[in-house]
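Scroll down for the structure; my scribbles are underneath it.
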Amino acid sequence: MENEVLRMQGITKIYSNGFVANKDVTFGVEKGEIHALVGENGAGKTTLMKILFGMERHEEGSILINGEEVHITSPLDSIAKGIGMVHQHFMLVPSLTVAENVVLGVEPMSNGLFDFDAAVKETQRIADKYNFDVDAKTRVRDLSVGQMQKVEILKALVKGAKILIMDEPTAVLTPQETRELFEQLQILKEDGHSIIFISHKLEEVMEICSRVTVLRHGRCLGTYDIRDMTEAKISRLMVGRDVVLKMDKPQHDRGEVVLDLDNIIKINTIGKRVLNGLSLKVRKGEIVGIAGVEGNGQSELASAICGLDRHTAGTIKINGVDIGDKAIKEIRDLGLAVISEDRMVDGVAADRSVRENIMSDRFDKPEFKKGIFMDNKRINQMVDECIQEFEIACDDRDQPVRMLSGGNIQKVVVAREFTSGRNVVLACQPTRGIDVGTAEMIRKYIIKMTREKDAAVLLISADLNEVLECSDRLLVMRYGKIVGAFNDAKEVTEDILGEYMLGIKTMSDEELEAAL
């Protein structure tokens with residue numbers, strides 16, 4: 001096409017173990033367009049973009065930039081050819097200023113020394129040009145999450161990127177920050193930049209993109225004009241079936257309090273209060289959602305509840321028992337199931353098999369023993385039932401978990417935790433970075449746990465649609481404490497949550513006490 005700045009033609013990538021990540025994929029982006037790339041986890045999006053950014057080599061196919069074939073050998077080579085990548089997880093040095101982060105790798109020099117003033121001047125020039133409200137001299141650790149996202153984009157722009165790969169750019173942003181980002185992306189688009197927008201949030205794809213390319217099982221199903229699509233149509237292409245985008249949540253009576261946090265204080269290693277007198281209760285048969293800009297104590301709250309880190313003051317009770325002096329296993333045996341924030345760090349042992357990961361919390365249970373030996377027949381039967389029920393796509397139960405896609409790794413975690421028989425579920429970012437089909441399944445199971453098994457769920461998520469769809473009650477965290485509480489999640493909107501998350505609104509102690 002005459003206006004096409006990038007074409008990936010017939011790309012095939014086969015890994016050494018025989019896994020076909022991309023098969024004859026063709027993908028094109030025009031000048032000055034925001035083009036969505038969507039697909040389930042394991043569909044081949046990440047591999048395709050790694051090839052474009054020089055992190056992987058393809059076996060077949062060609063890459064053309066402005067009509068000329070290029071051979072990209074490394075990320076530096078990709079950057080030199082005008083391609084920049086804005087990663088989902090920020091690649092910033094917190095102790096350095098915005099300017100120092102932005103010019104890393106292309107530092108301006110004067111008399112053999114780093115020219116800080118020149119770095120500030122160039123960074124501020126680009127920031128002002130695209131209405132990025134950041135001060136080049138501010139240290140990154142003092143920025144909001146939304147401002148850090150802008151710094152990541154600035155890093156690519158300063159290096160001359162005309163094609164921007166954006167991987168889940170709104171994953172940790174409030175609705176207000178997302179709207180601001182979209183306004184800036186429109187300015188970039190009008191200035192002739194081309195943006196590849198990778199997202200699982202289909203409502204955002206519909207809002208900001210002009211075309212969408214759908215991958216499934218490593219193959220390209222086609223490129224479609226957004227005007228001809230709906231969220232449901234895109235979901236159906238991605239997953240191969242209809243996906244429920246709205247959760248059916250039957251009315252259910254709440255029972256007794258089974259998770260009780262009273263005045264929790266946590267002071268971290270540098271003396272900062274990351275949890276500041278936080279109190280909350282979760283009852284049997286209910287889902288309590290926690291929203292908040294990341295970095296406001298959610299991770300520390302989860303770590304305190306599951307015993308990964310100790311709180312400084314206050315009490316946490318699970319099924320009426322104070323966990324203060326309990327080991328992690330003892331806390332779990334009190335009735336706590338945990339979906340960890342980072343599945344690869346705390347959720348699974350990546351080099352161990354699917355079987356071992358699902359069995360990891362129940363090797364000592366009598367039902368899996370035959371005398372002093374393990375009952376392998378019973379274990380294999382249980383694991384195979386989990387693989388089938390939770391639709392874990394794996395070669396067999398003995399396949400190492402690291403060989404699975406991100407969505408299937410999360411299914412292993414969910415299968416283990418939701419079949420553990422525990423009645424308190426701590427679900428931290430349960431659908432982060434996974435496709436709509438898997439997210440739908442996990443959300444249905446979260447609701448099922450409360451409605452059918454009378455469990456209590458504390459749902460901590462940066463996905464506001466998720467907390468709104470799944471929660472019975474909603475809480476908002478800011479600076480390590482609860483600043484908003486809503487007894488009926490159906491009466492809350494993303495914009496209202498965003499106002500509390502950003503500190504535009506807050507509730508009085510009396511209002512909070514009444515709501516909590």
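Within a 6.0 Å radius of CZ in Arg254, other residues, nucleotides and ligands contribute more than 12 heavy atoms. When the shell of 6.0 Å around CZ of Arg179 is examined, it contains more than 12 heavy atoms from other residues, nucleotides or ligands. Annotation: Asp253, atom CG; neighbour count of heavy atoms from other residues, nucleotides and ligands within 6.0 Å does not exceed 12. Heavy-atom contacts from other residues, nucleotides or ligands closer than 6.0 Å to CD of Gln388 number 12 or fewer.
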Verdict with supporting geometry, Phe418 and Phe390, ring-ring contact (aromatic ring centres under 6.0 Å, His included): CA-CA 10 Å; Phe418 284 2; Phe390 291 87; 7.0 Å; no
Decide side-chain contact (heavy atoms from CB on, under 4.5 Å) for Thr438 and Thr431; before the verdict, give the C-alpha distance in whole Å, the side-chain angles of both, and the deciding distance to 0.1 Å. CA-CA 8 Å; Thr438 303; Thr431 63; over 6 Å; no
side-chain contact (heavy atoms from CB on, under 4.5 Å) between Ser420 and Arg332, intermediate numbers included: CA-CA 10 Å; Ser420 66; Arg332 288 174 67 83; 5.7 Å; no
I would like to know whether Leu52 and Ile196 meet side-chain contact (heavy atoms from CB on, under 4.5 Å); could you show each step before the answer? CA-CA 11 Å; Leu52 178 59; Ile196 302 170; 3.8 Å; yes
Begin from the C-alpha positions of Glu256 and Arg283 and carry the test side-chain contact (heavy atoms from CB on, under 4.5 Å) through to its verdict. CA-CA 5 Å; Glu256 63 185 343; Arg283 300 175 181 274; 5.7 Å; no
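With contacts defined as side-chain heavy-atom distances shorter than 4.5 Å, the pair Val457/Val282 does not qualify. Two residues are said to be in side-chain contact when any heavy atoms from C-beta on lie closer than 4.5 Å; Leu459 and Ser471 meet this criterion. Between Leu464 and Met501, some side-chain heavy-atom pair lies under the 4.5 Å cut-off. Asn22 places none of its side-chain heavy atoms less than 4.5 Å from the side chain of His58. For the pair Met403 and Asp395, the minimum side-chain heavy-atom distance is 4.5 Å or more.
The backbone N or O of Asn357 lies less than 3.5 Å from a partner atom in the side chain of Arg416, making a donor-acceptor pair. Of the possible polar contacts, one joining the Glu168 side chain to the His200 backbone as a donor-acceptor pair under 3.5 Å is found. Remark: side-chain polar atoms of Asp375 are paired, donor with acceptor, to backbone N or O of Arg378 under 3.5 angstrom. Checked by atom type and distance alone, the side chain of Gln298 pairs as donor or acceptor with a backbone atom of Val293 at under 3.5 Å. Here the side chain of Thr26 pairs a donor or acceptor atom with the backbone of Gly10 at under 3.5 angstrom.
If you take CZ on Arg343 and SG on Cys428, they are separated by 13.0 Å, rounding to the nearest 0.5 Å. Atoms CD and CG, on Gln149 and Leu92 in that order, are 9.5 Å from each other to the nearest 0.5 Å. Rounding to the nearest 0.5 Å places CG of Leu221 at 7.5 Å from CG of Leu215. Note that CG of Leu301 and CD1 of Ile305 are 4.0 Å apart. Values are rounded to the nearest 0.5 Å. Within the model, atoms CD of Gln176 and CG of Leu497 stand 9.5 Å from one another, a figure rounded to the nearest 0.5 Å. Note: Lys317 NZ to Leu334 CG = 12.5 Å, rounded to the nearest 0.5 Å.
Glu417 and Tyr445 share no donor-acceptor pair across their side chains, judged by distance under 3.5 Å alone. In the model, Glu341 has a side-chain atom that pairs as donor or acceptor with a side-chain atom of Ser299 under 3.5 Å. For the residue pair Ser194 / His35, no side-chain donor-acceptor distance below 3.5 Å is found, with atom types taken as modelled. For the residue pair Thr419 and Arg362, a side-chain donor N or O sits within less than 3.5 Å of a side-chain acceptor on the partner. With no hydrogens or angles considered, a side-chain donor-acceptor pair links Asn376 and Arg355 at under 3.5 Å.
In terms of heavy atoms, Ile11 sits closest to Ile63 at CD1-CG1, 4.3 Å.
The pair Lys444-Glu440 meets the salt-bridge criterion, since a charged nitrogen lies less than 4.0 angstrom from a carboxylate oxygen. Salt-bridge formation is detected for the pair Arg443/Glu466: a Lys NZ or Arg NE/NH1/NH2 atom is positioned less than 4.0 Å from an Asp or Glu carboxylate oxygen. Salt-bridge check for Glu30 with Lys189: failed, with every basic side-chain N at 4.0 Å or more from each acidic carboxylate O. Classification of Asp463 and Arg432 as a salt-bridged pair fails, no side-chain N sitting under 4.0 Å from a carboxylate O. Remark: Asp309 engages Lys266 in a salt bridge, criterion side-chain N to carboxylate O under 4.0 Å.
For the pair Lys481 and Tyr479, the cation does not sit on the ring face, since its NZ or CZ is not both under 6.0 Å from the ring centre and inside 45° of the axis.
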